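Notes to accompany the following structure.
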Amino acid sequence: MNIEQQLTEKTAKALQSLYGATSDKIAFEKTSPDFIGDLTLVVFNFLKISKKKPEETATEIGTYLKDNIPEIADFNVVKGFLNIVIADSFWLNYFKIINGKPFIKPVPDNAPTVMVEYSSPNTNKPLHLGHVRNILLGYSVSKILSAAGNKVVKTNVVNDRGIHICKSMLAWQKWGNGETPESSGLKGDHLVGKYYVEFDKHFKSDVKNLKLEGATEEEAEKKAPLMLEAQEMLRKWEANDLEVRNLWNMMNGWVYKGFAESYKTLGVDFDSTYYESNTYLLGKEIIDTGLAKGVFKTRDDKSIYIDLTADGLDEKTLLRSDGTSVYMTQDLGTALQRHHEVKFEKMIYTVGNEQDYHFKVLFLILKKLGYAWADGLYHLSYGMVELPEGKMKSREGTVVDADDLMKIMIDTAAETTKELGKVEGLTDDEANHLYQSIGLGALKYFMLKVDPKKKMLFNPAESIDFNGNTSPFIQFNYVRIQALIRKAKEGWDFENLDVFTHNITLLQKEKELIIKLYNFNTVLQQAANELSPALIANYVYDLAKEFSQYYHETPILKEDQKDLILFRLQLSKTIGIVIKSGMGLLGIEVPERM
RNA sequence: GAUCCCAUAGCUCAGCUGGAUAGAGCAACGGUUUUCUAAACCGUAGGCCUUUGGUUCGAAUCCAAAUGGGAUCACCA
């Protein structure tokens, strides 16, 4: 079925029969638009075995292929380029098979399991723009992996304990006057975040005072009374102090409720959630294993470490001299626990690139401990989100809050939609749902169309632009297709678009569109391999753009011949299916009208 | 000091494992609506792909170095 495979195989045979040797460099690529043809073979690589001029070699191979592959209609040679024209009948035939069918297949029973971790928030403040990129990436990658035939387990690790939480708790205790989400009308995560900021404010003035008394910055930060109190609170938490635990439970409860709301608006979910308060003691048994295997070593002060200098890394402490564990130890333990619970083939950590080093070390340690599954661990590292005015700093108030951002996007969508007069005939619920699809779609697409590993600039003005390479443009083209189908059902007798029995001549653009559809699976596979939603985003945009051009230059319902109307409707409908599937992989909804 | 990542139009980004004249969108300028939804379409203009070497028939793409930007290198998470 796959035409490239067939061509590659036959080319190998052609080389063998023409020149008595073969090559492992046979690769077909898309023909450049300036030349005639669909697929191109570059023959320069074969000159050594053909011992002939490029043109001659290309012509000989072309002749052989044309004689042996019925789907080849024609070929032409330009310098060392062999351009192959695939017969329209092949593309039409292909279209008959896919016409109206879903493009994404269900996950087979024997599919490998992949665990994808994303979001991983701290519970001391609300989600911000950086989390948004993380969450959208992780969610989209889950969808893509699932579409590519994997069982996906989406998981979230909540960092619900530690000094950061105690800061919020302490500030609330001191200055909160019993304020609750209900009494303040604030979303729970925002309320807790407010007290985190409050802590920082008072802490800074503590530090300032101490510095006036002659302390250095470092000393002051360590000795600030507020910090000492927070640390005391953490100790009490670890000792299971009832009062502290109750406060902790209450405030975390507020935050979870707030997060749940944000996740819901964003349209993402998880199959499992791990809480660090349950896992932070894990990893200590791994220390024994490591020591027994001689992988870990003990220092004079009883702290335990691993020496990675031979691998070009540093020494990494895994157990403090007081016997407590560090972040790395916890992550080792969590990895072990998760592999035990979910027998994953692969585990993907969606975490920012500032932790590249951490994950390099984590994976290396697991490999050194001899866990074979460690080869399946992968750090999906993504770049920072920067604002036009520079980096986001929570303490300087230059953070873009996730809830605010979503609201702005939805409100702007509402405004624009009303301006364009597109709300007629919609109920309030329908209209609100539409604003949500458009506003959030724009946000998601804006963040996902960029290669994950690159840092990205978030320009608010540009992100709410609904023209050009944006989600609303893609959604709009889907909507046009649905409008065509609705009209066709009303005015014409085209109830069943799935039957394809006619024979027609393809326009150039129609052929290009079918080829585009043909490429969907390749792009999906590549996106799954590279864990890159950007590939899907760019593909869907290209498809929508080509459709938009087609729509403008070609009559569909206005066409005279009934066969042609039917075919063009079918083509449009199938393009719609692919647009919807592709957008679905990005976590973006497509409306039926807009 | 060491390691890792990045550098393409004024701006934001594509450009897959090397191939023919480097592509979109935004911004700018001009055009298209009695005809399927103009959140659209068409056109004009805009480039020493940071620099220098190397590999090759052939480099934006691979290798090395330089420059600029970012990140990391805790008994923090």
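Naming: A, B, ... by sequence-line order, numbering from 1 per chain. Since the model is a prediction, treat every value here as computed from it, not as a measurement.
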Quiz prompt | Test: A/R593 and A/E430 ion pair at under 4.0 Å | solution = no
Pairwise [atom1] distance for [N] and [M], with rounding to whole Å:
{"N": "B/A14", "M": "B/G25", "atom1": "P", "result": "16 Å"}
{"N": "B/C63", "M": "B/U55", "atom1": "C1'", "result": "7 Å"}
{"N": "B/U37", "M": "B/G43", "atom1": "C1'", "result": "24 Å"}
{"N": "B/C42", "M": "B/U33", "atom1": "P", "result": "15 Å"}
{"N": "B/A60", "M": "B/U44", "atom1": "C1'", "result": "26 Å"}
{"N": "B/A22", "M": "B/U50", "atom1": "P", "result": "15 Å"}

Measure from the side chain of [X], starting at C-beta and using heavy atoms only, and say which of [options] lies closest.
{"X": "A/M456", "options": "B/C13, B/A39, B/C73", "value": "B/C13"}
{"X": "A/F476", "options": "B/A40, B/C75, B/U12", "value": "B/A40"}
{"X": "A/Q549", "options": "B/C42, B/A77, B/U12", "value": "B/C42"}

Rounded to the nearest Å, what distance is computed from the [atom1] atom of residue [X] to the [atom2] atom of nucleotide [N]?
{"X": "A/Y551", "N": "B/U33", "atom1": "OH", "atom2": "C1'", "answer": "12 Å"}
{"X": "A/Q475", "N": "B/A40", "atom1": "CD", "atom2": "C1'", "answer": "15 Å"}
{"X": "A/F446", "N": "B/U12", "atom1": "CZ", "atom2": "P", "answer": "10 Å"}
{"X": "A/Y357", "N": "B/A74", "atom1": "OH", "atom2": "P", "answer": "7 Å"}
{"X": "A/E354", "N": "B/C76", "atom1": "CD", "atom2": "C1'", "answer": "14 Å"}
{"X": "A/E419", "N": "B/A40", "atom1": "CD", "atom2": "P", "answer": "14 Å"}
{"X": "A/K455", "N": "B/C4", "atom1": "NZ", "atom2": "C1'", "answer": "14 Å"}
{"X": "A/Q355", "N": "B/C76", "atom1": "CD", "atom2": "P", "answer": "15 Å"}

Quiz item: Which residue, A/T416 or A/I556, contacts RNA chain B at a nucleotide closer to its 5' end, judged by nearest heavy atom?
Solution: A/I556
Quiz item: If you find the nucleotide of RNA chain B closest to A/Q330 and the one closest to A/Y550, which residue's nucleotide is nearer the 5' end?
Solution: A/Y550
Exercise. Take nucleotides 14-27 of chain B nucleotide by nucleotide from the 5' end and write B, S or -, depending on whether a protein heavy atom sits under 4.0 Å from the base, only from the sugar-phosphate, or from neither.
Key: S-B--BB---SSS-
Quiz item: Given the rule that a pair is Watson-Crick or G-U wobble with both distances under 3.5 Å, how would you write RNA chain B in dot-bracket, using | for pairs to a different strand?
Solution: (((((((..((((.....[...)))).(((((.......))))).....(((((..]....))))))))))))....
Does a nitrogen or oxygen in the side chain of [X] sit under 4.0 Å from OP1 or OP2 of [N]?
{"X": "A/R480", "N": "B/A39", "result": "no"}
{"X": "A/K422", "N": "B/A39", "result": "yes"}
{"X": "A/S548", "N": "B/A40", "result": "no"}
{"X": "A/R320", "N": "B/C76", "result": "yes"}

Practice problem: Measure centre to centre between the rings of A/F35 and A/F81, then say whether the value is under 6.0 Å. | Solution: no
Quiz item: Is the distance between the ring centroids of A/Y378 and A/F363 under 6.0 Å?
Solution: no
Any donor-acceptor pair under 3.5 Å linking the side-chain atoms of [Y] with those of [X]?
{"X": "A/Y445", "Y": "A/Q475", "answer": "no"}
{"X": "A/D160", "Y": "A/S277", "answer": "yes"}
{"X": "A/S321", "Y": "A/R299", "answer": "no"}

Quiz item: Say you draw a straight line from NZ of A/K422 to CG of A/L434; how long is it, rounded to the nearest 0.5 Å?
Solution: 9.5 Å
Exercise. List the atom of A/W248, the atom of A/I165, and the distance in Å for their closest heavy-atom pair.
Key: CD1-CG2, 3.5 Å
Quiz item: Going by the angle between their ring planes, with limits at 30° and 60°, are A/F199 and A/F203 parallel, tilted or perpendicular?
Solution: parallel
